[in-house]
2 protein chains.
Amino acid sequence: MAGRRDRRGDRREEILLAALEVFAERGYTGASIASIAERVGLTQQGVLHYFPSKDRLLAEVLMLRDQRNLDVIMLPGNEGAVTLDTVAALVEYNAQRRGIVQSFTVLSAESVIEDHPAKDFFQERYGSARAWMAEVVRAEIGDELPGGVTPEQAAPLIFAVMDGLQLQWLLAPDEIDMPALFRAFVSLLKAGVAAS
Amino acid sequence: MAGRRDRRGDRREEILLAALEVFAERGYTGASIASIAERVGLTQQGVLHYFPSKDRLLAEVLMLRDQRNLDVIMLPGNEGAVTLDTVAALVEYNAQRRGIVQSFTVLSAESVIEDHPAKDFFQERYGSARAWMAEVVRAEIGDELPGGVTPEQAAPLIFAVMDGLQLQWLLAPDEIDMPALFRAFVSLLKAGVAAS
DNA sequence: GTCTATAAAAAGATAGAC
DNA sequence: GTCTATCTTTTTATAGAC
């Protein structure tokens, strides 16, 4: 049963995957429905049969991508017990999925422009992700991090490092060892623990 | 003499500033030459008289913005003696220049797509910036940072934090205290220094 | 230096045939 | 479910008048 759907669902998912690719390659603004359609052997109107507008297509692509990430975070049997090692594992996974990373980097940055259809999505996503990450940090390291940093400060920093490293890695994959650099950052967060 | 140029130079700079605004608001792909022209009271063709193509216009905008940043870094009389406090001051400055930050965030992320006209610019910019920043860290903190982190690792992390915080700040200015969070990160880098 | 005119291409979306 | 046809707008860029 798992992974199997009726033809209608397959077609939709096929289009969503193609859209993710094209958005990654050209951004949302630069992507055309026709170019997405071409990848799945349809015309522009064929795609518009499944998704009424480009905006709606983007919305569903973002939900798909988010679900994938949650799958990875929860996959290693860490039911409810996410640690910074789990997050590091996600970074490691991302380093092997350039397309996914690129789509996220391009779309999230693009979303800051006025009236962008993905703005609400990313605002909510980062807001809840920070709250969640602060608790992960607190549970693992405690209320006091090196240099007087709090878990509430560490949370946005963790996502900043992830996003910022992704950008540099996309521009220079051979120079940037994304997983190693993220682990280096984690060791900064934990440096005081061993000493105290 | 300073700040004064002939009419031709003024016109060009006027266009460049308008272009920076529009690129920030819509990204490069989403910006039209006509919308830039409108802001300076010209037609599309009037702008194309000064810049032969949209690509060239972008190239000059990026150089302008980079120069501004260098001005700020060098401004406080720190001739040759840049420290992490100087970098923190730049972050503080950026927190009052939303348009500049937004243009940089949108354009740098957009530049990772294939054949983007700003790709070379950002590749070179990050490459040299990392090398420079590694020396700043080494001069200020030394070869060993907390958690066994090296200056060569700290450098990309510093830019990752700057860029990543900018994205979160653009999406939620009221939730993200960019300067405070950057200083928190700097205190992570320096945490081992005071203790040793 | 700035304009009008114009080309030539591509975009999102709708209507309707099959 | 997918197509052709079509509309309407917008895009970059060129040619040439003034």
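Residue numbering restarts at 1 for every chain, and letters A, B, ... go by the order of the sequence lines.
- Remark: P of dG1(C) and CD of Glu14(B) are 14 Å apart, rounded to the nearest angstrom.
- Side chain of Gln168(B) to backbone of Pro156(A): a donor-acceptor contact under 3.5 angstrom is found.
- Nucleotides of DNA chain C nearest to His49(B) and Ala34(A) differ in position, and the one nearer the 5' end is that of His49(B).
- Leu48(A) comes within 4.0 angstrom of a base, heavy atoms only.
- Here the P atom of nucleotide dT11(D) and the CG atom of Leu57(B) are 15 Å apart, to the nearest Å.
- Atom CD in Gln45(B) sits about 8 Å away from atom C1' in dT4(C), given to the nearest Å.
- Counting non-hydrogen atoms under 4.0 angstrom, Ala31(B) reaches the backbone sugars and phosphates but no base.
- Atom CZ in Arg56(A) sits roughly 14 Å away from atom P in dT14(C) (whole-Å rounding).
- Salt bridge absent: Arg26(A) and Glu110(B) never bring a charged side-chain N and a carboxylate O closer than 4.0 Å.
- If you measure from atom CD of Gln44(A) to atom C1' of dA9(C), you get 15 Å, rounded to the nearest angstrom.
- Taking atom CD1 of Ile36(B) as the reference point, atom P of dT12(D) lies 8 Å away to the nearest angstrom.
- Using a cutoff of 4.0 Å between basic side-chain nitrogens and carboxylate oxygens, Glu14(B) and Arg39(B) are not scored as salt-bridged.
- Side-chain atoms of Gln153(A) come within 3.5 Å of backbone N or O of Thr150(A) as a donor-acceptor pair.
- Picking from dC3(D), dA13(C), dG1(C) the nucleotide with the shortest atom distance to the side chain of Leu42(A) gives dC3(D).
- Both Val47(B) and Ser35(A) lie near DNA chain C, and the one whose nearest nucleotide falls closer to the 5' end is Val47(B).
- Across the protein-nucleic acid pair, Leu58(A) atom CG and dA11(C) atom P stand 17 Å apart, rounded to whole Å.
- In this structure, Ser32(A) reaches the dA11(C) phosphate: one of its side-chain N or O atoms is under 4.0 Å from OP1 or OP2.
- Note: CZ (Arg26(A)) to C1' (dA11(C)) measures 12 Å, nearest angstrom.
- Classified by interplanar angle (parallel below 30°, tilted 30° to 60°, perpendicular above 60°), the ring pair Tyr126(B)/Phe159(B) is perpendicular.
- Side-chain proximity of Lys54(A) to dA13(C), dG1(D), dT14(D): nearest is dA13(C).
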